[in-house]
Every structure is written in C-alpha cells, then in structure tokens.
There are 2 protein chains.
Amino acid sequence: MADSARVADVSLTHIQSFVAVAEECNVGRAARRLHLTQPPLSRHIQALEDELGARLFERTRGGMRLLPAGEAFLRHARRILAEVDAAVLTVRDVAGSRAGG
Amino acid sequence: MADSARVADVSLTHIQSFVAVAEECNVGRAARRLHLTQPPLSRHIQALEDELGARLFERTRGGMRLLPAGEAFLRHARRILAEVDAAVLTVRDVAGSRAGG
DNA sequence: GCGTCCAATGCTGTTTCGGTATGGCCGACA
DNA sequence: TGTCGGCCATACCGAAACAGCATTGGACGC
C-alpha cells in the first residue's frame, strides 16, 4: 500500500527501553533505571525485535549482548532520542520567549 | 533528577498526528489520512501541546494554522520521523544481509 | 543436587485509547 | 432571522494495551 515504510509501531518507549538495556546489558538493571519492572521491559524488547523483524540482542547466560543489528539500531536510537529532546527544548524556548517577553 | 528534560510523554504517534494536521491544516482530513477519526486526533494534538507546554496551532474558523512554536516543532518532527524510518531500514538491512548470506 | 542469577511467560487489574454521538462556534444563504 | 454546513472540542463507553506479581525454565558454581 501507499503507506510505504511507515514508522511502523515502533514507539519512543520501546526505543528508550532498548537503549537502557543495551547500556546495562541486563534487563533487570535497565528496568530499575527506567522505574519499571523486568517483565514489561523484557516484552518491550521482544516487541521491538518483532516489529523490526530482527533480533537485536543475544541472550547470554550473563545477560543481554548486542548483536550487529542491535548496534546499528543503537546509533539511530540515540540520535532519535536526542532529536526528540531537542524538539521539546526548541518548542519550549520559542513559546517561552514569546510568552515571557 | 537526572531525568531532566527526558523525552517526556511525547510519542511517535502524537508526532505523526501533528505532522499530518500541520500539512492538512484540518483535523478531519488529517484523521482520514491517518486512518483515524477526528476526535482522537484532536486529542493527540491537545495532548502534545499539553506535554510541550506550548500551543502549536491557532484554531481558526477554517481549520488549524501553525503557530511559531508549531513551525519550529514541525522541522524537528519531520527529522525525527525520517530518523526512525532510517533506523528501521538500517536494522532490516543489517539483519537481512547477515541472514540472507 | 541445590542455590543463584538471568530472561521469558501466564495471569489479572488498571489504564489508555479509539469510535460514536453530541455540543458550541461561525459564516453562507435564502 | 432561521437553517444548513463545516469546523474543532467534549462526554461517554467498550475494547485493546500495559504494568506488575508470581512463576517457569535454562545455565552455571559449589
């Protein structure tokens, strides 16, 4: 259909979850960092992998290790989050400067 | 705390909704384009404005017109969506080339 | 074998979300 | 002036999504 490669069902929440897990190499720790529990975070990763159609982590005995696809995604993920942050700040700045003076 | 300006509750869905409305200058039309109905889309915009703490559109008699804050956000929004698209494609490419050969 | 550490899964209560129906506003037109 | 049509916002409700708890299952160390 004409919807092309639509942004799919990837959500910012899933992306944040992914980055946290990638950095901690451990779902439980990442969960705490996100003020979440392990099961939903585990499902976030699964949902993301499912949506992307690619496995992002290797489940090892000790935790989670990034696969090549995961490393590629991580670079984009960080940029996306940074861009969202920038967008929020920009808007608040523009609106603030108009409202404030 | 260190969560600072965290990506907040802005969601990709809201961003997509915003872009559609910005381009159509009309909630109903944008809704159809997104395979949605007008009320939820109207709520997306409100939620986004609420989250950002800034009004993005001026509600005029004929529809929606971007305010300065909205124009600023639109530029970021397009970049975010493009970045997400790129991320998805990259991952599928990396995973595909490894799986396929 | 037993205890430990990890991620995954089953289940459930709550929250979120989209759709329908409706309201309020304003201009066009007769 | 009264009606019609187009617009966005709100009220309400049923369905889907989500987080948390409890538990399972796999792998290592002792």
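Note on naming: letters A, B, ... go to the chains in the order of the sequence lines (proteins, then strands), and numbering restarts at 1 for each one. Here the structure is a predicted model, which is why all the values come from computation and not from measurement.
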Item to check | Spacing between A:R32 atom CZ and D:dA19 atom P, to the nearest angstrom | outcome: 17 Å
Item to check | Which residues share a side chain to side chain donor-acceptor pair (under 3.5 Å) with A:E49, sequence neighbours left out | outcome: A:R55, A:R59
Side-chain donor-acceptor contacts of residues 69-76 of chain B below 3.5 Å, not counting sequence neighbours, with atom names and distances?
residue, atom, partner, partner atom, Å
B:H76, ND1, A:E83, OE2, 2.9
B:H76, NE2, A:T90, OG1, 3.1

Checklist entry - Could you give the distance from CG (B:L36) to CD (B:Q16), rounded to the nearest 0.5 Å? => result 10.5 Å
Checklist entry - Reckon B:N26 has a side-chain N or O less than 4.0 Å from the OP1 or OP2 of D:dG6? => result no
Next on the checklist: Under the ring pair (Phe, Tyr, Trp, His ring centres under 6.0 Å) definition, can you give me all pairs with a residue in residues 38-71 of chain B, not counting sequence neighbours?
Outcome noted: B:H14-B:H44, B:F18-B:F57
Checklist entry - Say you draw a straight line from CG of B:L48 to OG1 of B:T13; how long is it, rounded to the nearest 0.5 Å? => result 11.0 Å
Checklist entry - Can you tell me how far P of D:dC8 sits from NE2 of B:H44, to the nearest Å? => result 15 Å
Item to check | A:M64 vs A:V27 side-chain heavy atoms within contact, under 4.5 Å | outcome: yes
Item to check | All side chain to side chain donor-acceptor pair (under 3.5 Å) counterparts of B:R65, not counting sequence neighbours | outcome: none
Next on the checklist: Side chains of B:V94 and A:P68, heavy atoms from C-beta outward: is any pair under 4.5 Å?
Outcome noted: yes
Next on the checklist: Below 4.0 Å from chain A heavy atoms, what is the first contacting nucleotide of DNA chain C and what is the last?
Outcome noted: C:dC6 to C:dC11
Checklist entry - Side-chain N or O of B:S42 less than 4.0 angstrom from OP1 or OP2 on D:dA9? => result yes
Item to check | Positions of residues 58-71 of chain B (non-hydrogen atom under 4.0 Å from DNA chain D), listed by number | outcome: B:R59, B:G62, B:G63, B:M64
Checklist entry - Are A:R92 and A:V88 close enough that some pair of their side-chain heavy atoms sits under 4.5 Å apart? => result yes
Between the protein and nucleotides 20-23 of chain D, which nitrogen or oxygen pairs come in under 3.5 angstrom?
residue, atom, partner, partner atom, Å
D:dG20, OP2, A:T37, N, 3.1
D:dG20, OP2, A:T37, OG1, 3.1
D:dG20, N7, A:R43, NH2, 3.3
D:dG20, O6, A:R43, NH1, 3.2
D:dG20, O6, A:R43, NH2, 2.8

Checklist entry - How long is the line joining CD of B:Q46 and C1' of D:dA11, in whole Å? => result 13 Å
Checklist outcome for this item: Whole-Å distance, B:F57 CZ to D:dC7 P, equals 15 Å
Item to check | Set of residues satisfying side chain to side chain donor-acceptor pair (under 3.5 Å) with respect to A:R78, sequence neighbours excluded | outcome: A:E23
Item to check | Integer-rounded Å distance: D:dA19 C1' and A:I45 CD1 | outcome: 15 Å
Item to check | Partner set under side chain to side chain donor-acceptor pair (under 3.5 Å) for A:R32, not counting sequence neighbours | outcome: none
Item to check | Nearest-angstrom distance from the residue atom CG of B:L56 to P of D:dC8 | outcome: 15 Å
